[in-house]
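Handing you this structure, nothing more for now.
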Amino acid sequence: MDSPTGRRYREHRLRGSQVVLFVRRAKNGDLGTEPFTCLGTASFVNAEGSRPMRIVWELDRPMPADLMVDARAAA
């Protein structure tokens, strides 16, 4: 969390940068690699760990309902 990358994520607003999140349902689908969906901008909430670092983001707009159903099933 104290690495340069961790600080960059944690302090993104103070540094004047935005984070844009992209997700995909799975790495591979029936027709090959799944496309990414842009969820838009997000703000840092908290993080734990370092390698890997688990980051919680708050989306600036709601996640599409169909992706929310898939995300809940995966969790």
Side-chain angles (χ1 to χ4, degrees):
M1 181 68 192
D2 289 327
S3 69
T5 300
R7 284 192 301 276
R8 187 177 72 233
Y9 289 142
R10 187 177 66 234
E11 301 169 357
H12 74 93
R13 282 190 168 188
L14 295 173
R15 296 172 183 230
S17 64
Q18 291 186 322
V19 173
V20 181
L21 295 181
F22 291 82
V23 298
R24 60 183 173 186
R25 296 177 198 277
K27 187 173 182 178
N28 295 306
D30 295 337
L31 301 175
T33 303
E34 288 283 323
F36 284 89
T37 299
C38 179
L39 296 181
T41 55
S43 298
F44 179 88
V45 174
N46 64 47
E48 53 187 58
S50 61
R51 289 192 175 194
M53 182 183 341
R54 181 175 178 251
I55 302 176
V56 176
W57 300 99
E58 181 178 351
L59 295 172
D60 292 334
R61 63 180 192 184
M63 182 185 293
D66 61 323
L67 284 175
M68 180 64 82
V69 170
D70 288 349
R72 285 185 178 160

* Asked: Does some side-chain heavy atom of Trp57 sit less than 4.5 Å from a side-chain heavy atom of Val45?
  ->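 Heavy-atom side-chain distance check fails, nothing below 4.5 Å.
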* More than 12 heavy atoms of other residues, nucleotides or ligands under 6.0 Å from CD of Gln18: is that the case? ->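 Atom CD in Gln18 is not crowded, with 12 or fewer foreign heavy atoms closer than 6.0 Å.
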* Working to the nearest 0.5 Å, report the span between CZ of Arg10 and OG1 of Thr5. =>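 One finds 11.5 Å between CZ of Arg10 and OG1 of Thr5.
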* Side-chain heavy atoms under 4.5 angstrom apart, residues restricted to Ile, Leu, Val, Met, Phe, Trp, Tyr: same cluster for Leu39 and Phe36? ->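 Leu39 and Phe36: separate clusters.
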* Could you tell me whether Glu11 and Arg15 have a side-chain N and a carboxylate O separated by less than 4.0 Å? =>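 Looking at Arg15 together with Glu11, the answer is yes, because their closest N to O distance falls below 4.0 Å.
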* Asked: If you measure from CG on Asp60 to CG on Leu21, what distance do you get to the nearest 0.5 Å?
  ->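 It is 9.0 Å, given to the nearest 0.5 Å.
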* **Full working for side chain to side chain contact (heavy atoms under 4.5 Å, CB included) between Thr33 and Asn28** => CA-CA 4 Å; Thr33 303; Asn28 295 306; 3.9 Å; yes
* Asked: Within the side chain of His12, is there an N or O that forms a donor-acceptor pair under 3.5 Å with the backbone of Phe44?
  ->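 Such a contact is found between His12 side chain and Phe44 backbone.
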* **Approximate separation, where rounding is to 0.5 Å, of Arg25 CZ and Leu67 CG** =>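 Arg25 CZ to Leu67 CG: 4.5 Å, rounded to 0.5 Å.
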* Reported CD1-to-CD distance for the pair Ile55 and Glu48, which is rounded to 0.5 angstrom ->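 Between Ile55 CD1 and Glu48 CD, I get 11.0 Å after rounding to 0.5 Å.
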* **Reported CZ-to-OG distance for the pair Arg8 and Ser3, which is rounded to 0.5 angstrom** =>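 Separation between the atoms: 8.5 Å.
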* Full working for side chain to side chain donor-acceptor pair (under 3.5 Å) between Arg24 and Thr37 -> CA-CA 6 Å; Arg24 60 183 173 186; Thr37 299; over 6 Å; no
